[in-house]
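Structure first, commentary second.
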Protein chains: 2
Amino acid sequence: MVGVRQPRHPDLGEITLMEVMGALSDPIRVGLVRVLADGRERGWSELRAPVAKSTLSHHLRVLRDAGITRTRQEGTRCYVQLRRRDLDARLPGLLNAVFLAADSDNLGAQVSLAEDPSTT
Amino acid sequence: MVGVRQPRHPDLGEITLMEVMGALSDPIRVGLVRVLADGRERGWSELRAPVAKSTLSHHLRVLRDAGITRTRQEGTRCYVQLRRRDLDARLPGLLNAVFLAADSDNLGAQVSLAEDPSTT
DNA sequence: TACGTTGTTCGATATTTGACGAACATCGAA
DNA sequence: TTCGATGTTCGTCAAATATCGAACAACGTA
């Protein structure tokens, strides 16, 4: 990515419940995960959250470090994707439960996707 | 209870995903919840955790405030119980997922019950 | 090669959190 | 009523977190 190369992605066995729970105890991050819920890869710049870009970068890092998302760099741009398969394998049912509760309370609604992907 | 009366217990509708996730992102607290997993009420003094009693009190308060446990006072003693029904109603599947993951990793194993309940 | 874009990293804060021991409050018992 | 037991609360610290703006680094492009 831009700045530093090769963000660390913990592999399946390194994903821990404690870290995932901690990562998902912040509304911005839950919002980000919800936005990625459909499994599609999203561009960093599509993500809309009411925080400074350095803060958004921080949150995305927490998610990545916890093994919740995967970041891919392509040229100058980054793309983020939910590691749903890995999470479901390692922590069965957790993501579903979080989505269920978050959806019903519209938690993390402050986060959204840019309507127009070109709004990069 | 001892010290101050009537600990606050959020009712069903006040339980939030964010607070529960935060409460369950600490190994001691996950350990406590695991110890209460069978639904039986336990005496405060039965709980064994590698922290000072003021710290244990703190953790039990975090769990109580999040709506995860219910505390009852009887004379000089306190009894704690998991609010499983409420949690399952408000956050379906979450507790199960946490138990599943915590059990398989033996998370929070530092917490246990006194072998002899009289070890009060 | 000089720029502009895109995220990341670096301080700097302010807040929250975990932990401890000591003081305290409440209840039951001597 | 004087103790002893049982938790809670308080004051204090250290460590972790959330945020921000500014400086940076890596790419693509003019």
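Naming: A, B, ... by sequence-line order, numbering from 1 per chain. These numbers come from the heavy atoms of this one structure, side chains and all, not from hydrogens, waters or symmetry mates.
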> With sequence neighbours left out, what residues match B/Asp26 under side chain to side chain donor-acceptor pair (under 3.5 Å)?
Replying inline: none
> Counting only heavy atoms not in A/Arg84, do more than 12 fall under 6.0 Å of its CZ?
Replying inline: yes
> OP1, OP2 of C/dC27 versus side-chain N and O of B/Thr76: anything below 4.0 Å?
Replying inline: no
> With sequence neighbours excluded, what pairs up with B/Asp88 under the side chain to side chain donor-acceptor pair (under 3.5 Å) test?
Replying inline: none
> Which whole-number value in Å describes the distance from B/Arg61 CZ to C/dT16 C1'?
Replying inline: 14 Å
> Using a cut-off of 4.0 Å between protein heavy atoms and nucleotide atoms, how would you tag nucleotides 18-23 of chain C 5' to 3' with B, S and -?
Replying inline: SBBBB-
>> Whole angstroms only, please: what is the CE-C1' distance between A/Met21 and D/dA16?
In response: 18 Å
>> In this structure, how many angstroms lie between the P atom of D/dA18 and the CG atom of A/Asp65, rounded?
In response: 12 Å
>> Could you tell me how far apart B/Leu63 (CG) and D/dG7 (P) are, to the nearest whole angstrom?
In response: 16 Å
>> What is the distance, to the nearest angstrom, from the CZ atom on B/Arg77 to the C1' atom on C/dT26?
In response: 14 Å
> What's the CD-C1' distance between A/Glu74 and D/dC27, to the nearest Å?
Replying inline: 12 Å
> Within a reach of under 6.0 Å around CZ of A/Arg72, are more than 12 heavy atoms found that belong to other residues, nucleotides or ligands?
Replying inline: yes
> Tell me: CG of A/Leu24 to P of D/dT17, nearest whole Å?
Replying inline: 14 Å
>> Is there a continuous path of hydrophobic side-chain contacts, each under 4.5 Å between heavy atoms, that joins B/Leu82 to B/Leu100?
In response: no
> If you look at every heavy atom in A/Ile68 and A/Val33, which pair is closest and at what distance?
Replying inline: CG2-CG2, 3.9 Å
>> What is the separation between atom CZ on B/Arg72 and atom C1' on C/dC27, rounded to the nearest whole Å?
In response: 15 Å
